[in-house]
Each structure stands twice: as C-alpha cells, then as structure tokens.
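For reference, the structure discussed in these notes is given below.
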Amino acid sequence: MPQATASAKDSNLGRDDAIALYTVMQTIRQAELRLGTLFADGEVPGFIHLSVGQEAVPAGVTAALEPIDTVASNHRGHGHAIAKGLDLDRFVMEIMGKDGGYCRGRGGSMHVADAKIGMLGANGIVGAGLPIALGSALAHQVKKTGAVAVVFFGDGALAEGAMHETFNLAALWKLPLVMVCENNGWAEFSPTAREFVAKLGDLAHAFRIPASLIDGNDVMAVYNATRKHVAAARAGEGPQFIECKTQRVRGHFEGDQQKYRDPADIAAATKDDPMHKIEKDLADMQVSAAEIEKVKTDVAARVEKAITAGRNEPLPKFAEAFGDVYTPTARH
Amino acid sequence: MAELRFAHAINRALADALTEDPNVIVFGEDVAGPGGPFGVTRGLLEKFGPDRIRDTPISEAAIAGAAVGAAMGGLKPVVEIMFMDFLTLAMDALVNQAAKARFMFGGQFSVPMVVCTPHGGGVGAGPQHSQCLEAWVAHVPGLKVVCPATLPDAYGLLRAAINDPDPVIYVENKSLYAKKGELADKPAIVEIGKANVVRAGKDVTLVTYGAMLFRVLKAAEELAQEGIEVEVIDLRSIQPWDEAAILTSISKTHRLVICHEAVEAFGVGAEIVAHMVDIGFDEFDAPPVRVAAPFMPPPYAPSLEDEFVPNPERIKAAVRRVLA
Ligand SMILES: Cc1ncc(C[n+]2csc(CCOP(=O)(O)OP(=O)(O)O)c2C)c(N)n1
Ligand SMILES: [Mg+2]
C-alpha cells in the first residue's frame, strides 16, 4: 500500500509524496465505488457506508503518522483502513464475507481491523471509537511507546455522551490522543445544524483541548494541521482536536434514496471533490497528466485484482467461527 | 380491512395513540423529518407537529433518560432506539431509572413510557446491528417486554404498551417491517401478557415469538405431512408471559419446544423451561428442548449467519427429539 514516505513529514511535501497521497485517495475512491457496484449486484451483503468526497481526510491524517501510531475508526471507515495501509485484497475479502478477510468474514464493512498495523477497527456504534482511542492513548502513555492514538468520527458522534467523557479524561490525563472529526454536514438523514447549537471546535475548547478547523478537502491542509497536532500530542501536551470540513457525496448508506436531501446539496457536495484540489496541486508540481492517469489506471488494476481475489476466496467455516468466541486456553 | 405492511401497522398505532391522547409524544434519531430509518414514523411530524414529534441528535442515553423524566412529568413518551444493539447506551435510564422509579419512590411515580427498538438478523448487518437482547430487559423487575409477529399484534400491543402505566420495551423484528398482512379498520388493543395459539396440534407444544413464528409455522406444516401435529404458541409478550396458555397446551401435548432468535444461553427459553418444569412437572413425557442462536455474536457473512439464525430444519429436529 503506497503511503507518504518519511520525507513527507516536512510541511512542504515533495512531488513523490504528493503522488503518494493522491494514490491513497484514488485507492479509497476507486475501491469504494467498486464496492458500491458490488453491493448493488448483491456481492456485498448488509449495508455499506461510502466516504466518497471525504478521502483527503484519512489520506492527509495518516500521512502525518508513524507506523506505531494507532487508529480507531467508525462506520464510514473504508478510507481510514486503506490509508492506514491495510492490504487491499484482504480488505475486500472481509467486505465480501470471505474467510481470508481481515476478520474472517465475521465483521464486514463496519468492523474491518488489522491488529498488526494498529488499525483498531471500524465500528458500528457511533461514538464508540472515542473511548477506545482514549484507552489506546493510555496504553501508549503507560508503556511509553512514543506513539499517539488517532480516532476518526463524524460530526454526529459528538452528540454522544462518550464525547464528553473522552474529552475530559484525555485532557485530565494529558493523553496522546488526536481526535479527527470528519464534519460532512450530515448525520444520517439530519443536517449537522439540526444536531448542534455549538460550534464543534468549541466543544473541545470547553475542555481546554487545542482545536483546529480546516478544509477537509485540501489534503495538504489536512496533512499540515495533523502534523502540528500529532507533534504536540507526541510531545506530551495532551489531546488534540481537528475538525475537517468536508461533504458526504453519496447517501448515508448505499441504496439510500436521499429523499430528505435537497438535490442542490448533493450537487454542491459533488462539485467540492477533493480530487480537484490535489490534481491542481500535482499539476503545479509539474506532475504530468499522463502520470496522473497512470496512478488511476494502476489503482484500478489493484482494485480489480482485489475483487478477483475476493471472489475466489472460500467462505468462512461456521465451526471455526463458533470455536473462536473466547481465546483458546490449555484447559479448553 | 386493508392490506398493509407490518411497519404501517406500527405507524397506525402511533397515529391513533397520538390522536387520542395529547400527552403522547414521539422522539428519537431521525424519526420526525425523515420518518424513521425504517419508515415506521413516516407522516407523523406532518400530522402532529414538531412539538410532539421530534428528531434528536445521536444521544441514546439522553433519549431514554428524557423519556423517564417526561413520563414522570405526565407525558406518555414513545421513544425509538434505532437498533436494539444500541440499547446498551440507554441501559442506565431503563434499568436503574425507568424500571425502579415506581417501586423505589414508594409508588409515588408511574413511568408510562415505551421504547420501540428493532432486533434480529438475517440481513448481513453484522455483530453490532443484529442482536436480540430482549432477555436482558425481561430480566429487570419493573420493565415489560413485548414482541409482535403479526400486523394486528403490532398494532394492538403498541396501543397497549402506550396505555400501560409502566415502562414497556416494544421489540420489532427488522425482517418483518416489509411483511404484508391484513389490519382491521378499527384494530383491537392486545392485552400485554396474553399468548396466542396460532396453530392447534396434539403432539408437541412449540412456543415462539417475533419473526421466528414464521419459521416455526413452516416447520409445523412440514411436520404435519409426516403426521406430527405441532401446537404453535406465539408468546407475543415476553415479560409478563402467559404461563397459563403454555400449561394448557402441554397438558394436552406433554412435550415442549421453545424457539427464539436470541442466543440460547440464559435466554427467554431457559426461563420458560425452568418455570414450566416447576409448575407442570407431571405433564412432561420428555425433557423440554430449546432451538435458538448458538453462544456467539451474530456473524456478518451470510454463509455464517444462515447457520446462526434458527431455521426450519433445526426446529423440526428439535420436535423430533422431544418425540423420540
Ligand atoms: C450508538 C449509535 N446510534 C445510532 C447509530 C445509527 N447511525 C449510524 S451512522 C449514524 C450517523 C452518524 O453521523 P456522523 O457521526 O456524522 O457520521 P457520518 O455518517 O456522517 O460519517 C447513525 C445515527 C449507530 N450506529 N450507533
Ligand atoms: Mg456526518
């Protein structure tokens, strides 16, 4: 999985780093659009939430992280998983409910996790990632790993009581926790303005947590803000809050008819595509149209390879799942 | 008599209760403007206005807690917890507050609230969106729990729940929302605590509730072709439950099978078996048997979930076992 390299830790990203960021964003975009068609064709069960239009956030945030840093995610978590560096084949297998998937087909789209690289899991419970990341940050602090914990969540999640408790405890204990709010303007079928009176960043300020509000469609801005906040968290300055303003292009889940949404809002969301900004940045860095096209076709080939691998992978076995509810011990 | 869907029957019960009693209010996540994630509350906002039909932010603890306080304040709140799995976030309000207020305050307060919440799998929704947790709430003194399977019961039990002076958890199986059926123009209220004998039979008593009723009926039809006559009882109410109806039936069949979608261990079936063996020991010609989900979280892959949720084959095997 291409990730921005160590040199990308400079605030002035180089040409190769910018291409790497773009590659991550394209991987998320293309993988999700294909998952959407697989879902429509019945090859993906349950329900899936796509993050189309929000790709700059996971790409920019994870580029500012070290491999030891941990990430907790939410129901709209495909981008977080891909950006953190999950293997695309096993990612797709999980969502197709196959045995080779990261969770052996037991979790699906809302539960993709990879313990080996510190991906603590997508989550079906809104807000649940916040205290889990808090605990991960506690582990980093106690074990003095030097790592930070990052949590991605939506604007809607801030209405949960878990937010209050997490903010307070993280601030009290000065935990290395970076909280990334993907404000896409919607919580399911309700606009953010109908969920809060307060500005989201003010919620963090109430707990004396430093907060930034950034353009979540500008991957460079996301990267630079995250870099600053991650450095502070890593230096022992306590929790950090980053609100990334972005937009939900598709329905809450695939198949959502969006009758509650003004078509003009959908059109505006589609127009604010974060791909436009990065493609312009790449052009400014003298990356040719042909190079950009090559990124896209390479990504498309990897996505198709992953889908083929997913199709060919066997189904999970019930007895193995049933036997795996508890940790096997010598007594069992 | 009109042909409707299960979700419409719930909607009708809400609308009728809202019309009859100005103290009834409805709130929850996306229940007002959007009409509910499963369309159950569609049209209520337009008809009854934003004072009584409210969207809330994603705040289950406040939704359930506010229902308790509103009920103590003289309203009859009907609140929705979008998936029964999210009841975890509302548990303090239900278990420590709603359930205990009458008793703990010496009978001064009544908490006439209803929590509507969907349970059940079979739709690939995975471990956190498929659970059947009714046994948790049925275990708490002070709470009532109902789970309808048919349109008249969906209507009648919800009306009874709203009229009830105590907190009621109204469990809706998601796989039933789209199910079609008939509903009278003036449907009856269904008393909480009364089971329904859906199919008469002399050989085995099969107790179930919710969406499993239809798998049980399928199994019963197939067994009838083999000459085995199963009496099917739809429990409808889980807490309180109709021990008299079951006792009457086993006095005839002398054999008992219980089927539910929830995990078998420490479940509704365990309670019913233990109690029936206690009060009806002499009636039994064979040990009672349960058919339920195995002791594991609901899995995501359809291939796994197919084996997780009880199916007619497993139900038939259980019936044959008590007859062996
Ligand atoms: C505890 C809980 N309550 C409700 C839900 C249902 N639900 C799933 S996503 C969602 C909206 C979340 O909005 P937001 O946090 O802004 O994330 P977005 O979907 O916009 O990415 C809701 C209400 C849930 N999964 N968990
Ligand atoms: Mg949102």
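In this text, all values refer to a predicted model and were calculated from it rather than measured experimentally. Only heavy atoms go into these numbers, but all of them, side chains included; no hydrogens, no water, no symmetry mates.
Looking only at distances, a side-chain donor or acceptor of B:Ser59 sits under 3.5 Å from a matching main-chain atom of A:Ala159. Between the side chain of B:Glu307 and the main chain of A:Phe318, no donor-acceptor pair closer than 3.5 Å is present. B:Tyr300 contributes no side-chain N or O that, together with a main-chain N or O of A:Met96, makes up a donor-acceptor pair within less than 3.5 Å.
Chain B forms more heavy-atom pairs under 4.5 Å with one residue of A:Glu195, A:Arg104, A:Lys98, A:Glu94 than with any other, namely A:Glu195. Heavy-atom pairs under 4.5 Å with chain B peak, among A:Ala321, A:Gly101, A:Ser190, A:Pro45, at A:Pro45. Residue with the most contacts toward chain A among B:Gly126, B:Pro299, B:Pro298, B:Pro127: B:Pro127 (heavy-atom pairs, distance under 4.5 Å). Per-residue counts of heavy-atom pairs under 4.5 Å with chain B were compared for A:Val126, A:Val44, A:Ile125, A:Leu158; the largest is that of A:Ile125.
By the 6.0 Å contact criterion, NZ on A:Lys317 is open, its count of non-hydrogen atoms from other residues, nucleotides or ligands being 12 or less. Remark: B:His139 NE2 is loosely packed, at most 12 non-hydrogen atoms of other residues, nucleotides or ligands lying under 6.0 Å away. The number of heavy atoms from other shown groups lying within 6.0 Å of CZ (B:Arg42) does not exceed 12. Within 6.0 Å of CZ on B:Arg321 lie no more than 12 heavy atoms contributed by other residues, nucleotides or ligands.
Ring planes of B:His129 and A:Phe47: perpendicular class, angle over 60° (limits at 30 and 60°).
The two residues B:Leu304 and A:Gly105 have their closest heavy-atom pair at CD1-O, 4.1 Å. Across all non-hydrogen atoms, the minimal contact from A:Asn123 to B:Gln128 is OD1-OE1, 3.3 Å. The shortest non-hydrogen separation linking A:Gly124 to B:Phe86 is O-CE2, 4.1 Å. Residues A:Ala187 and B:Ile58 share a closest heavy-atom pair of CB-CD1, 4.0 Å.
Looking at A:Ile95, both its backbone and its side chain come within 4.5 Å of chain B, counting heavy atoms on both sides. For B:Thr56, the part sitting under 4.5 Å from any heavy atom of chain A is the backbone (N, CA, C, O) and nothing else. The parts of B:Ala125 that come within reach of chain A are both its backbone and its side chain, each placing non-hydrogen atoms under 4.5 angstrom from that chain. Looking at A:Asp324, neither its backbone nor its side chain comes within 4.5 Å of chain B, counting heavy atoms on both sides. No part of B:Glu305 comes within reach of chain A, as not one of its non-hydrogen atoms sits under 4.5 angstrom from that chain.
The line from CZ of B:Phe308 to CZ of A:Arg106 is 13.0 Å long, rounded to the nearest 0.5 Å.
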